[in-house]
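This report refers to the structure that appears directly beneath it.
The sequence lines fix the lettering, A, B, ..., with proteins before strands; numbering per chain opens at 1.
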Amino acid sequence: MTARVTVLYFAKSAELTGHRSEVVPLPAATSSGQLWALLLELHPSLAALQDQVVLAVRQQYVALGDQALLLADGDEVAVVPPLSGG
Amino acid sequence: MTARVTVLYFAKSAELTGHRSEVVPLPAATSSGQLWALLLELHPSLAALQDQVVLAVRQQYVALGDQALLLADGDEVAVVPPLSGG
Amino acid sequence: MSSREEVGGAMEPSRDLIGLSPEPLSIERVYSSAVSPSCGAVALFIGTTREHFEGRRVIRLEYEAYEPMVQSELSAVCRDIRARWPMVKHICIQHRLGLVPVAEASVAIAISSPHRCEAQEAVGYCINALKASAPIWKKEVYESEESKWKENPECGWSGNS
Amino acid sequence: MSSREEVGGAMEPSRDLIGLSPEPLSIERVYSSAVSPSCGAVALFIGTTREHFEGRRVIRLEYEAYEPMVQSELSAVCRDIRARWPMVKHICIQHRLGLVPVAEASVAIAISSPHRCEAQEAVGYCINALKASAPIWKKEVYESEESKWKENPECGWSGNS
């Protein structure tokens, strides 16, 4: 089962990938760690963010790890480099 | 020796005395406690402020007490009820 | 705090105002949206663009945000503030996006409360929480046109946290 | 704080702005007079007239001041702030006199510093010091036209200190 997910790239991740947004087929049952590994395959340049990045899945922060994630068509996943608002 | 001193009354002390300012002959060598006693003689209504008042002599706060004070003609003494700025 | 002091406050519902905009921030407007007749205090914090960072001349900042998620994260910050300081009345948080020239405001926070301590503490908490959790990013652009994505030490996954 | 961060700040002298006026306070102007290109933070505190006090409806406040002594006392407060927080850049303290209607500002303080903690702490200190030492008095006027001279608990010779 795959889900067509909208992946958003912000700040340095947008510069590294050259994209702000793209629709990517991703496994419907996965983990945030696996998700990051798949995004790294798609955009090896994202390795520059390794260990200093989290994801936001449906607008909730998710640290990279083993926790189970269920994705559906139309879901939004964002690559979130270190925050610097304020 | 007396000095002609300008006495300023603020807030409740202005209401109690009916004056905002008056020139009063006062002893040139005195203390803040004596000064207050003389002002009380002049305006007995000031007793309402007893124990909740200080003076300002030449724009410096002076608690009521025995400390020696020298006054000269033209000096400014203010009656200072509890502050409530802000 | 006597409950009688709340007579006025009870008549006017509390407001959380969260905004993102490329327009210059109006400090007067941020202040006005927090002031309340039931309150004696408004505390504000304004973050501005500094002209130097570690000896390099900064010519501007560029901000971008994950806008809907900023709204949800800052709404959660407002809920936290109300749980910690129940006397807080209005909360206004405005963040500018896009280019912010030197000396202009990038963020403005105003919080009202009946007495001043709550408003001051809540503003301090709010700016820390915003830096830790609002998905907003800033790039510092130097005189040389080199640039650098900044990282808040308050952010749990930054290199300098 | 590296000394290199001070390059910008060193070019612009620090300002202490103290003002008393019967005119409504402009928060934007108070803010603008504190902001500095060498600073990343401006903290503000604004005191406003509350419509209730202990259940009585307040219709206005009336302020009076020993004006030249307010200047000298608040100048001393500014010196204390600079001794405690040497990174503070500009300090602006404005107090309104005469009638202040409900919800309008009676006092506004703005302080800038390179980083936010100093500005926030200095503003908290400044409003406490102003309440303790500036010769300013306020009378609360109630709906019944009765009135009462207020006393700051911060004032060492008040009945509730």
[X] side-chain N/O to [Y] backbone N/O, donor-acceptor pair under 3.5 Å:
{"X": "C/Glu64", "Y": "A/Ala11", "result": "yes"}
{"X": "C/His95", "Y": "A/Gly86", "result": "yes"}
{"X": "C/Trp157", "Y": "A/Asp51", "result": "no"}
{"X": "C/Tyr63", "Y": "A/Ser84", "result": "no"}
{"X": "C/Asn152", "Y": "A/Gly85", "result": "yes"}
{"X": "A/Tyr61", "Y": "C/Ser133", "result": "yes"}

Q. Side chains of C/Pro135 and A/Phe10: does their closest heavy-atom pair fall under 4.5 Å?
A.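 A side-chain contact is absent here, since even the closest heavy-atom pair is not under 4.5 Å.
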**Q.** Heavy-atom side-chain contact between C/Glu151 and A/Gln52 under 4.5 Å
**A.**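 A side-chain contact exists here, since the closest heavy-atom pair is under 4.5 Å.
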**Q.** Pairs of heavy atoms under 4.5 Å with chain C: top-ranked of A/Ala56, A/Ala14, A/Pro81
**A.**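 Of A/Ala56, A/Ala14, A/Pro81, A/Pro81 has the most heavy-atom pairs under 4.5 Å with chain C.
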Which atoms of [X] are under 4.5 Å from chain C, going by heavy atoms: the side chain, the backbone, both sets, or neither?
{"X": "A/Arg58", "result": "neither"}
{"X": "A/Leu83", "result": "both"}
{"X": "A/Gln60", "result": "backbone"}

(Q) If you count heavy-atom pairs within less than 4.5 Å of chain A, which of C/Met69, C/Lys131, C/Lys150 leads? (A)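 Heavy-atom pair counts peak at C/Met69.
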Q: Go through C/Ser72, C/Gly47, C/Pro68 and name the one with the most non-hydrogen pairs under 4.5 angstrom from chain A.
A: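 Of the options given, most contacts go to C/Pro68.
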How about [atom1] on [X], more than 12 heavy atoms from neighbouring residues, nucleotides or ligands closer than 6.0 Å, or not?
{"X": "A/Gln50", "atom1": "CD", "result": "yes"}
{"X": "A/Arg4", "atom1": "CZ", "result": "no"}
{"X": "C/Arg29", "atom1": "CZ", "result": "no"}

Which atoms of [X] approach chain A - backbone, side chain, both or neither, heavy atom under 4.5 Å:
{"X": "C/Lys139", "result": "side chain"}
{"X": "C/Ala132", "result": "backbone"}
{"X": "C/Glu73", "result": "side chain"}
{"X": "C/Ala65", "result": "backbone"}

Q: Locate the shortest heavy-atom distance separating C/Cys155 from A/Pro82; write the atom from each residue and the value.
A: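 That closest heavy-atom pairing would be SG-CA, 4.0 Å.
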Q: For the pair A/Glu76 and C/Tyr66, evaluate side chain to side chain contact (heavy atoms under 4.5 Å, CB included) and give the outcome as yes or no after the intermediate values.
A: CA-CA 11 Å; A/Glu76 220 171 71; C/Tyr66 185 8; 2.4 Å; yes
Q.
Would you compute the distance between atom OG of A/Ser13 and atom CH2 of C/Trp149 and round it to the nearest 0.5 angstrom?
A.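 Reported to 0.5 Å precision, the distance equals 9.0 Å.
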